[in-house]
Amino acid sequence: MPRLTLPLASALLAAGLLAGCSSTTEDKTAGWSPNKIYSEARDEANSGSHDKAVPLFEKLEGRAAGTPLAQQAQLEKAYSQYRNNDKAQAVATLDRFMKLHPASPAYDYALYLKGLVNFNEDLGMFSWLSRQDLSERDQKAAKDSYESFRELVTRFPESRYTPDARQRMTYIVNSLAQYEVHVARYYYERGAYVAAISRAQTAIADYKEVPATEDALYILMRSYEALGMDQLRDDTRRVMEASYPNSDFLKQGFRKKDDPWWKFW
């Protein structure tokens, strides 16, 4: 292996150091005031460049530490993370905010935003296009969303965000109940009638006064019938006739799978 002479080695080392210095990212915010950083971050967020807004809000958190502006930056960073589809990071930011600022006047907003992060808003608004609803998706996110909205409604009943949170809670409960119905019908159609009965009973017992109850009762009735449990079948039919006297299930059977159960909220 050839050996480098001392002058040549020194020159290469110097060149390497210069290259390293030139590649260092310059902090364009170094001489900016907190208000300037906030203004730039807001401009990026308002233009839809949430990926660029997040690091600016992070800079502001450090520069304005201990001030209301730092709290505002933390909340707006969470919103930009949410809009940038970084849901896990948004939740982590909000959890940190609520832990550090339990008496903040913006605590209700933090709860509301955390609920939104876990709420599948696109499906709620555009499910008629995709023919798919929240009840067919991951249930953990829906339950986490519900808990955030529930805490908001309980602790801050007069909050400006509470009316919308209540509507979303209703949607989530309906979706969770319908999830049980999806599973119950899945089992029913495959002849697993005992399993279908169990899931239908869960939907009826755990979720009161929701649209899915009618579906669950019908699956329950048909499953009892398939198992030759005539007394239970007849009892369930009487409940259906009393609760849903105009039920299409009793007239036409199962609705088509592409018929949506939900309503616009």
Side-chain angles (χ1 to χ4, degrees), residues 3-122 125 138 140-141 144-145 147-149 151-152 155-156 159-162 164-165 168:
R3 299 180 62 183
L4 297 176
T5 63
L6 183 59
L8 180 57
S10 299
L12 290 175
L13 177 60
L17 290 173
L18 288 174
C21 292
S22 64
S23 64
T24 301
T25 302
E26 180 183 358
D27 183 3
K28 67 177 184 178
T29 71
W32 292 5
S33 68
N35 287 336
K36 168 70 171 175
I37 299 175
Y38 181 65
S39 177
E40 291 292 324
R42 286 298 304 272
D43 286 346
E44 294 290 4
N46 290 337
S47 67
S49 299
H50 293 286
D51 57 326
K52 296 179 181 178
V54 168
L56 289 173
F57 284 128
E58 288 176 342
K59 289 281 185 184
L60 183 55
E61 281 187 78
R63 300 277 179 87
T67 70
L69 188 57
Q71 294 184 34
Q72 182 70 21
Q74 198 170 6
L75 287 174
E76 295 201 40
K77 180 181 76 171
Y79 180 76
S80 284
Q81 289 169 327
Y82 158 58
R83 292 301 302 273
N84 203 41
N85 207 33
D86 295 329
K87 294 186 176 183
Q89 289 299 318
V91 168
T93 298
L94 290 166
D95 284 343
R96 179 170 174 268
F97 174 88
M98 290 186 283
K99 181 178 180 179
L100 293 175
H101 312 290
S104 169
Y107 198 97
D108 60 335
Y109 172 73
L111 284 171
Y112 178 69
L113 183 54
K114 186 176 178 181
L116 282 185
V117 170
N118 286 310
F119 184 86
N120 200 324
E121 189 172 17
D122 288 342
M125 296 178 64
D138 178 22
K140 183 181 184 303
D144 289 344
S145 178
E147 284 305 308
S148 295
F149 290 139
E151 185 176 353
L152 167 62
R155 293 183 57 184
F156 305 97
S159 169
R160 59 182 293 192
Y161 307 107
T162 291
D164 186 67
R168 292 175 188 273

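Throughout, numbering of the chain's residues begins at 1 and tracks the sequence.
- Here the closest non-hydrogen pair linking Gln81 and Ala90 is OE1-CA, 3.4 Å.
- Taking Glu61 as the reference, Glu58, Ala73, Gln74, Lys77, Arg96 meet the side-chain contact (heavy atoms from CB on, under 4.5 Å) condition, with sequence neighbours excluded.
- Looking at Leu69 and Asn35, their side chains come closer than 4.5 Å, going by heavy atoms from C-beta outward.
- By the 4.5 Å heavy-atom criterion applied to side chains, Phe57 and Arg42 are counted as neighbours.
- One distance of note links OG1 of Thr162 with CG of Leu111; it measures 9.5 Å at 0.5 Å rounding.
- In this structure, the separation between CG on Leu116 and CG on Leu94 is 10.0 Å, given to the nearest 0.5 Å.
- When the side-chain contact (heavy atoms from CB on, under 4.5 Å) test is applied to Ser104, the partners found at least two apart in sequence or on another chain are Gln71, Phe97, His101, Ala106.
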Show, in sequence, the C-alpha distance, side-chain angles and deciding distance for Tyr107 and Arg155, and conclude whether the side chain to side chain contact (heavy atoms under 4.5 Å, CB included) test is met.
CA-CA 10 Å; Tyr107 198 97; Arg155 293 183 57 184; 3.4 Å; yes

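- Residues Asp164 and Arg168 approach most closely at OD2-NE, 2.5 Å, considering heavy atoms.
- The two residues Pro34 and Ala64 make their nearest non-hydrogen contact at CB-CB, 4.4 Å.
- One finds the OH atom of Tyr38 at 4.5 Å from the CD atom of Gln72 (value rounded to the nearest 0.5 Å).
- For Asp43, the side-chain contact (heavy atoms from CB on, under 4.5 Å) criterion is met by Ser39, not counting sequence neighbours.
- Using a 4.0 Å cut-off between charged side-chain N and carboxylate O, Asp144 and Lys114 make no salt bridge.
- In this structure, the separation between CG on Leu75 and OH on Tyr109 is 6.5 Å, given to the nearest 0.5 Å.
- Put simply, OG on Ser49 and CD on Glu44 are 5.0 Å apart, with the number rounded to the nearest 0.5 Å.
- Under the 3.5 Å distance criterion, the side-chain polar atoms of Arg63 are left unmatched by any main-chain donor or acceptor of Ile37.
- With sequence neighbours left out, Lys36 forms a salt bridge (charged side-chain N to carboxylate O under 4.0 Å, His left out) with Glu40.
- The distance from the CE atom of Met98 to the CG atom of Leu113 is 9.0 Å, given to the nearest 0.5 Å.
- With sequence neighbours excluded, the residues forming a side-chain hydrogen bond (donor to acceptor under 3.5 Å, both in side chains) with Tyr79 are Arg83, listed by chain and number.
- Under the rule for a side-chain contact (heavy atoms from CB on, under 4.5 Å), the partners of Ser145 that lie at least two apart in sequence or sit in another chain are Asn118, Phe119, Phe149, Ile172.
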